[in-house]
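A note on names: the letters A, B, ... follow the listed sequences, proteins ahead of strands, and every chain is numbered from 1.
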There are 2 protein chains.
Amino acid sequence: MKRGTGMPGSTAKDILNIDRDSFEPAYLQLVRIFKAQIASGKYRPGAKLPSEAVICKKYGLSPMTVRRAINLLIDQGVVRTVQGSGTFVRGVKLSASSFNLQELMELIQDENGTQVKVLEMDIAKASPEVAERLGLASGDNVIHARRLLLTRGHPVVYHHGHLLYDPQRPIVEGELDVTSLRGLFSGAGQTDIKKGLMSVQAVTLGEQEAGLLKREQGSPAFRLEHTFYDFDDRPVSYGWFVCPADRLLFTAKIGHWDEE
Amino acid sequence: MKRGTGMPGSTAKDILNIDRDSFEPAYLQLVRIFKAQIASGKYRPGAKLPSEAVICKKYGLSPMTVRRAINLLIDQGVVRTVQGSGTFVRGVKLSASSFNLQELMELIQDENGTQVKVLEMDIAKASPEVAERLGLASGDNVIHARRLLLTRGHPVVYHHGHLLYDPQRPIVEGELDVTSLRGLFSGAGQTDIKKGLMSVQAVTLGEQEAGLLKREQGSPAFRLEHTFYDFDDRPVSYGWFVCPADRLLFTAKIGHWDEE
DNA sequence: AAGTGGTCTAGACCACGGC
DNA sequence: CCGTGGTCTAGACCACTTA
């Protein structure tokens, strides 16, 4: 009676019922069942789901297991619970849209032919703006980096970064070459950075950027600004990525989708 | 011995320990405790947390409660678990950045002085592109809407939308005036829309848009395209919002922050 | 008062990793 | 082998809503 290969005696794909022999945990099966029923229109936004006790009986599960499934549905924004009243299906709300950097990541992690061209990499005096961002005095030394990322020979992202220069500390290792960016995106290694603040802006390309990215001056692009902090809450890295609009797009699904 | 007002005998703010009399559930307290310890640097990225059994003993909690806390930390991207091995603190990864429409929402929901100026609202033949998006034949009727949102008299968002025109069905009610947009953003009402697809692009303003939004032609802006579907999976609404770059910015926090 | 969601217990058995 | 995370049970008590 343990999970393992698949279905023993039950009919092939018995959706809407818990298969105790499935590799898939019962609570996930329950989540799937309710999402399917909502997507099918059986439960419309605003509708009330059966009470937890009823669900327990119907599927032969213990309250904790049912609760776990419902908590997942809540986290995913599918339902809403009101204590003492019931569990209700949520409507679509635009503000629930959540965009991530998946697309940008895939651009950079294109293993086939991503290369980094270092345009500049040296130690320089911080400009007033950079000094403020990094919490330094104007004129302090920072590592200044300008890089161009190319996939299959075509420029796709321009990065301009400023790193804290502190002879004491081993340079925030990684930020200095290709691996660096890959590491930041994939999350490997990284033990010196505690947190970061990111923002996305819409901009038009200046003369220099346009030249580097081989686009028309004034053409639209995303500007992704970042500030990273170490475990002492000191900002250690400030900079931005510029990516032409024709190479990048953020997408999001909202509401009730049958499958991910 | 039940949850209620606050602390009975324990010292004021005994962080790092579970207060059984707090209004805050034990599992949330545990989450807070671990996040604080990680943010403080006690557990660095890559470090291994105590085993669940140890945590149970240390805080006098049952396994399910501890597990629930850890599951939350996993969902929040704070830790990663490896079966048979342990629970480990995750490093910062750029691709975890998640942006939402909070900022845009606040623009529109500025109760003080948001108003909608309807520029156009009529029934027209669908253009080939719109027809394709809405799954219609070119030339079918659609409701065509162009609106300008202003806060305190200043234009901030331009919306261009196309709605399925079907005499059969009560018009996807809401999409037609201010309340509409508010409703979509806040998620009130809405029982006819099942799901939506959104995308964010960087663009430059055309002549007409620039005029309406009182900006320079060619200045940068966000274009937020949307397609909404009903419970029969028919696209019922296609359109886009245009918002000048100087009025909008998407931000995200990644990594380990002490407080939200 | 009855029904609902919310939290929590004290175990159980399993699958997996490393010694 | 033992320790780890992963799932699940069969209840308990509480707070809240509704009538």
Student: Output the rounded distance in Å from NZ (B/Lys48) to C1' (D/dT4).
Tutor: 7 Å

Student: In whole angstrom, what separates A/Phe23's CZ from D/dC8's P?
Tutor: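 The answer, rounded to whole Å, is 13 Å.
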
Student: I need the CD1-C1' distance between B/Ile70 and C/dC8, as an integer number of Å.
Tutor: 16 Å

Student: What residues, two or more places apart in sequence or in another chain, satisfy side chain to side chain contact (heavy atoms under 4.5 Å, CB included) together with A/Ser51?
Tutor: A/Ala53, A/Val54

Student: Between A/Phe228 and A/Tyr238, is the ring centre distance below 6.0 Å?
Tutor: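 That pair fails the under 6.0 Å test.
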
Student: Output the residues of residues 54-66 of chain A in contact with DNA chain C, where contact means a heavy atom of the residue under 4.0 Å from an atom of the strand; sort by number or write none.
Tutor: A/Met64

Student: Check this for me, if you would: do B/Asp258 and B/Arg32 make a salt bridge, where the nitrogen-to-carboxylate-oxygen distance has to be below 4.0 angstrom?
Tutor: no

Student: Any side-chain N or O of B/Tyr27 under 4.0 Å from OP1/OP2 of C/dC8?
Tutor: no

Student: Rounded to whole Å, please give me the gap between CD in B/Glu24 and C1' in C/dT7.
Tutor: 13 Å

Student: Counting only side-chain N and O atoms of B/Arg68, is one of them less than 4.0 Å from OP1 or OP2 of C/dC8?
Tutor: no

Student: In whole angstrom, give the distance that lies between atom CD of A/Glu52 and atom C1' of D/dC16.
Tutor: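 Value for this atom pair: 13 Å.
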
Student: Contacts to DNA chain C from residues 80-88 of chain A, heavy-atom cutoff under 4.0 Å, which residues?
Tutor: A/Thr81, A/Val82, A/Gln83, A/Gly84, A/Ser85, A/Gly86, A/Thr87

Student: Within this structure, what is the CG-to-P distance between B/Asp21 and D/dA15, rounded to whole angstrom?
Tutor: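 Those two atoms, CG and P, are 12 Å apart.
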
Student: Give a yes or no on whether the ring-centroid distance for A/Tyr43 and A/Phe88 is below 6.0 angstrom.
Tutor: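 No - the distance between ring centres of A/Tyr43 and A/Phe88 does not fall below the 6.0 Å cut-off.
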
Student: Ignoring hydrogens and angles, tell me if any N or O in the side chain of B/Ser97 forms a donor-acceptor pair with the backbone of B/Leu94 under 3.5 Å.
Tutor: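 Here the side-chain-to-backbone pair exists.
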
Student: Quick check on D/dT9: is either OP1 or OP2 less than 4.0 Å from any side-chain nitrogen or oxygen of A/Arg20?
Tutor: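 True: A/Arg20 side-chain N/O within range (under 4.0 Å) of D/dT9 OP1/OP2.
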
Student: In whole angstrom, give the distance that lies between atom CD1 of A/Ile18 and atom C1' of D/dT9.
Tutor: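 My rounded result for the distance is 15 Å.
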
